[in-house]
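Input: a single structure, listed below in structure tokens.
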Amino acid sequence: MTEPGEGKYIKALEEIVSLAISEDLGDRGDITSEAVIPAGARGAAVIIAREPCTISGMAAGAECCRQVDPHMVWLPLVDDSQIVPAGAQIARLEGAMRSILAAERTIINFISHLSGIATLTGRFNAELEGHAARIAATRKTSPGMRLLEKQAVADGGGETHRQGLYDAILIKDNHIAAAGSVSATIERVRRALGDDIAIEVEVDTRQQLEEVLESGADRALLDNMSPDQVRDCVKLAAGRLIIEVSGGITLANVRDYAETGAEIISTGALTMSAPAMDFSLEITQ
């Protein structure tokens, strides 16, 4: 699966941060701070983690500062993917007090959400300890936030999987229905894109996997199967292709799926069900 280039990530970051700032400041800015704080007042603040977590979103924090006030200074005190305890200071802001307060909520929104994803991914990884299976994200992401959320998965030690429909082949039931069969679908893909591209096919039953094994696919995605069903399919495949499992994966059962011998376990829970971590901004001077 391909990873986004740095330029693409930066562009997405700039766009989503711009939208987030715009919805908070609107056309008038932070009218409370402008009424209370003198225009020339300067100061500093720190962002504090209120609970243990894996950090993600530091680039978003820096971009928020840059867009609100290019003269504001963002000093990161930790790195993305770093695990911090409750009470840890993760960043320091210096500059105009009005600017610091105008950026506060947007910064915390990004870091809370993305650190939540990284932290949950880390918890899934902990359940996989001692097994070869790898945890991966899916395309179930918040609209407009995909690159940031998938980076948060990576910060938590997971795999980002495919970024979108444009960078990897995943044949699903509707594709097969349109083409008539698994073999016909794969033939069309090979004819359109060549023999070098990896092909993954989603299957719901052992019988469908047998057809996939005969068709020359590179991966099979076992969808909504029980651990016992997955174990049977892994034995059937016998290393002839990569086995991925998805559907109904939770922290409570992910170890059961890892014990089947599947190589990849993907779940939308990483990006869609992660609770936000608790952060706060405190003025220090």
Q | Between CZ on residue F279 and CD1 on residue I111, distance to nearest 0.5 Å | A | 6.5 Å
Q) Step by step, would you call D24 with R105 a salt bridge (charged side-chain N to carboxylate O under 4.0 Å, His left out)? A) CA-CA 8 Å; D24 205 26; R105 174 45 52 193; over 6 Å; no
Q: Say whether I197 and I176 are linked into one hydrophobic cluster, either directly or through other cluster members, by side-chain heavy-atom distances under 4.5 angstrom.
A: yes
Q) Can you list the other members of the hydrophobic cluster that holds L221, where links are side-chain heavy atoms under 4.5 angstrom apart? A) L170
Q. Between the side chains of T271 and E149, does any donor sit under 3.5 Å from an acceptor?
A. no
Q.
If only side-chain N and O atoms count, and only distance matters, is there a donor-acceptor pair under 3.5 Å linking E244 with H161?
A. yes
Q.
Within the 3.5 Å criterion, strictly below it, is a donor on R231 or T260 matched to an acceptor on the partner's side chain?
A. no
Q: Could you pull out all residues at least two apart from E127 that satisfy salt bridge (charged side-chain N to carboxylate O under 4.0 Å, His left out)?
A: R255
Q. In chain order, what residues pass the side chain to side chain contact (heavy atoms under 4.5 Å, CB included) check against I283, with sequence neighbours excluded?
A. A45, M97, I100, L101, L281
**Q.** Contacts of I31 that satisfy side chain to side chain contact (heavy atoms under 4.5 Å, CB included) - sequence neighbours left out
**A.** R28
Q: Taking only Lys NZ, Arg NE, NH1 and NH2, and the carboxylate oxygens of Asp or Glu, determine whether D218 and R190 approach each other closer than 4.0 Å.
A: yes
**Q.** salt bridge (charged side-chain N to carboxylate O under 4.0 Å, His left out) against E214, all qualifying residues, sequence neighbours excluded
**A.** none
Q: List in chain and number order the residues that pass salt bridge (charged side-chain N to carboxylate O under 4.0 Å, His left out) with E211, two or more places apart in sequence or in another chain; answer none if no residue qualifies.
A: none
Contacts under 3.5 angstrom, residues 131-140 side chains, donor-acceptor by atom type, not counting sequence neighbours:
from : atom 1 : to   : atom 2 : distance (Å)
H131 : ND1    : E129 : O      : 3.4
R134 : NE     : E159 : OE2    : 2.4
T138 : OG1    : K140 : N      : 3.1

Q | Non-neighbouring partners of V78 that pass side chain to side chain contact (heavy atoms under 4.5 Å, CB included), sequence neighbours left out | A | I55, M58, Q82, V84, I90
Q | N/O donor-acceptor pair under 3.5 Å between R98 side chain and E34 backbone | A | yes
Q: With sequence neighbours left out, write down each residue that passes salt bridge (charged side-chain N to carboxylate O under 4.0 Å, His left out) with E63, or none if nothing qualifies.
A: R66
Q: Supply the members, apart from I264, of the Ile/Leu/Val/Met/Phe/Trp/Tyr cluster built from side-chain contacts under 4.5 Å; use none for a lone residue.
A: I242
Q: Name all residues meeting the side chain to side chain contact (heavy atoms under 4.5 Å, CB included) criterion together with S81; count only those two or more places apart in sequence or in a different chain, and write none if there are none.
A: D155
Q) salt bridge (Lys or Arg N to Asp or Glu O under 4.0 Å): which pairs involve residues 274-285, sequence neighbours left out? A) R50-E282
